[in-house]
Chemist: 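Sending over a structure as structure tokens; questions will come in a sec.
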Amino acid sequence: SVLVRGRVQAGLSPNIGVVAYADREVFVFLPPDASWVREDFPLGTQVEVIGIVSGLQTVGERTAPLVRAMWMRKVP
């Protein structure tokens, strides 16, 4: 599992977002049935994500690691 602390850069679909940290980006898959997913994560929000890396994913012209989130929250 991994811990990612970064900023929400984009929403690619209702369940896939882009989180940037340092000079990297990861795609974050949010499971639709998780209770914490009901919270809104607008662009620019600082977040912590705990998840499992599931290889690389390509969306459009972007390729990045895909993290399947087990938990995500806003941080100050």
Side-chain angles (χ1 to χ4, degrees):
S1 63
V2 295
L3 169 63
V4 177
R5 291 185 177 122
R7 184 177 304 275
V8 176
Q9 291 294 97
L12 303 178
S13 76
N15 293 68
I16 298 179
V18 179
V19 173
Y21 65 98
D23 63 345
R24 298 178 182 240
E25 292 182 335
V26 295
F27 295 132
V28 177
F29 173 77
L30 305 174
D33 56 346
S35 61
W36 51 266
V37 173
R38 293 186 201 116
E39 185 174 355
D40 191 26
F41 298 102
L43 296 180
T45 302
Q46 287 287 122
V47 294
E48 286 183 334
V49 181
I50 295 175
I52 298 170
V53 178
S54 298
L56 293 176
Q57 179 75 35
T58 300
V59 177
E61 295 184 13
R62 288 179 165 167
T63 298
L66 176 66
V67 175
R68 294 182 175 272
M70 298 175 352
W71 182 74
M72 182 167 159
R73 72 175 184 140
K74 294 178 184 175
V75 293

Chemist: Where is the tightest heavy-atom contact between R5 and Y21, given as atom of each residue plus distance?
Modeler: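 Minimum heavy-atom separation between R5 and Y21: O-CB, 3.2 Å.
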
Chemist: Any idea which heavy atoms bring A69 and P31 closest together, and the distance?
Modeler: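 Scanning both residues completely, I find the closest heavy atoms to be O-CD, 3.4 Å.
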
Chemist: Please report the shortest heavy-atom distance between V18 and E25, naming the atom on each side.
Modeler: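 Smallest heavy-atom distance, with atoms named: CG1-CD, 3.8 Å.
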
Chemist: Quick one, V49 with W71, criterion side chain to side chain contact (heavy atoms under 4.5 Å, CB included). Give me CA distance, side-chain angles, the key distance, then yes/no.
Modeler: CA-CA 6 Å; V49 181; W71 182 74; over 6 Å; no

Chemist: In this structure, would V26 and L66 fall into the same cluster of hydrophobic residues linked by side-chain contacts under 4.5 Å?
Modeler: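 The answer is no; the residues belong to distinct hydrophobic clusters.
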
Chemist: Of all the heavy-atom pairs spanning V8 and P42, show the shortest one and how long it is.
Modeler: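 In terms of heavy atoms, the two residues are closest at CB-O, 3.7 Å.
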
Chemist: Do L30 and M70 belong together in a cluster built from hydrophobic side chains that touch within less than 4.5 Å?
Modeler: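 Yes, same cluster.
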
Chemist: Shared ILVMFWY cluster between V19 and F27, side chains joined below 4.5 angstrom?
Modeler: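 V19 and F27: separate clusters.
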
Chemist: Is the shortest side-chain heavy-atom distance between P65 and L56 below 4.5 Å?
Modeler: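 SC-SC contact between P65 and L56 confirmed.
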
Chemist: How far apart are the C-alpha atoms of I16 and Q57, what are their side-chain angles, what is the distance that settles it, and do they pass the side chain to side chain contact (heavy atoms under 4.5 Å, CB included) test?
Modeler: CA-CA 11 Å; I16 298 179; Q57 179 75 35; 5.8 Å; no

Chemist: With no hydrogens and no angle check, is any side-chain donor or acceptor of R7 less than 3.5 Å from a backbone partner on G44?
Modeler: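 Such a contact is found between R7 side chain and G44 backbone.
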
Chemist: If you round to the nearest 0.5 Å, how far is CZ of R68 from CG of N15?
Modeler: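 Here the rounded value is 11.0 Å.
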
Chemist: Supply the atom-to-atom distance I50 CD1 to R73 CZ, rounded to the nearest 0.5 angstrom.
Modeler: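 I50 atom CD1 to R73 atom CZ measures 8.5 Å (nearest 0.5 Å).
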
Chemist: Once you round to the nearest 0.5 Å, how far does CD of E48 lie from CE of M72?
Modeler: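 Taking CD in E48 and CE in M72, the distance rounds to 10.5 Å.
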
